[in-house]
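Just below is one structure, and these are the notes that go with it.
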Amino acid sequence: MEGGFGSDFGGSGGGGKLDPGLIMEQVKVQIAVANAQELLQRMTDKCFRKCIGKPGGSLDNSEQKCIAMCMDRYMDAWNTVSRAYNSRLQRERANM
């Protein structure tokens, strides 16, 4: 595949035709990556503000433990909310 949106973008070599299914999958992957990056950034920001009093060259033991616990709790909460959201979406789709 050449850079950008060249004729080989769809991977089929079909004379410049774009494969909508392939494009949709690539967009879904890009969205998933962006969501993961945003989750990691938010978690880092929140846990840093909560656990790091005076930034320095290294973390002491209490800061390391706080960061680890904060990140674990953040991920647990995110997973709980994500499961509830997906469950609700499935119920709503079933009622359509």
For L40, is there any backbone N or O sitting under 3.5 Å from a side-chain donor or acceptor partner on T44? yes
Supply the atom-to-atom distance N35 CG to Q30 CD, rounded to the nearest 0.5 angstrom. 12.0 Å
Can you confirm whether the thiol sulfurs of C47 and C66 sit closer than 2.5 Å? no
Hydrophobic clustering (ILVMFWY, side-chain heavy atoms < 4.5 Å, transitive) - are V27 and L18 grouped together? yes
Would you sort out whether M96 and E92 count as a side chain to side chain contact (heavy atoms under 4.5 Å, CB included), showing the intermediate values? CA-CA 7 Å; M96 290 182 141; E92 288 180 5; 5.8 Å; no
Assess whether atom CZ of R73 is packed by more than 12 heavy atoms of other residues, nucleotides or ligands within 6.0 Å. yes
Donor + acceptor pair across side chains of Q41, D45 (<3.5 Å): yes
Once rounded to the nearest 0.5 Å, what's the spacing between atom NZ of K65 and atom CD1 of I67? 14.0 Å
So with a 6.0 Å cut-off around CE of M69, is the heavy-atom count from everything else above 12? no
Following the transitive rule for hydrophobic clusters with a side-chain heavy-atom cut-off under 4.5 Å over Ile, Leu, Val, Met, Phe, Trp and Tyr, establish whether M43 and V81 coincide in one cluster. no
Exercise: do S87 and R83 side chains pair donor with acceptor under 3.5 Å: no
Could you give the distance from CD (Q90) to CZ (R93), rounded to the nearest 0.5 Å? 7.5 Å
Scan the side chains in residues 51-61 for donor-acceptor partners under 3.5 Å anywhere in the protein, sequence neighbours excluded, and list what turns up.
{"unit_1": "D60", "atom_1": "OD1", "unit_2": "S62", "atom_2": "N", "d": "3.2"}
{"unit_1": "D60", "atom_1": "OD1", "unit_2": "S62", "atom_2": "OG", "d": "2.8"}
{"unit_1": "D60", "atom_1": "OD1", "unit_2": "E63", "atom_2": "N", "d": "2.8"}

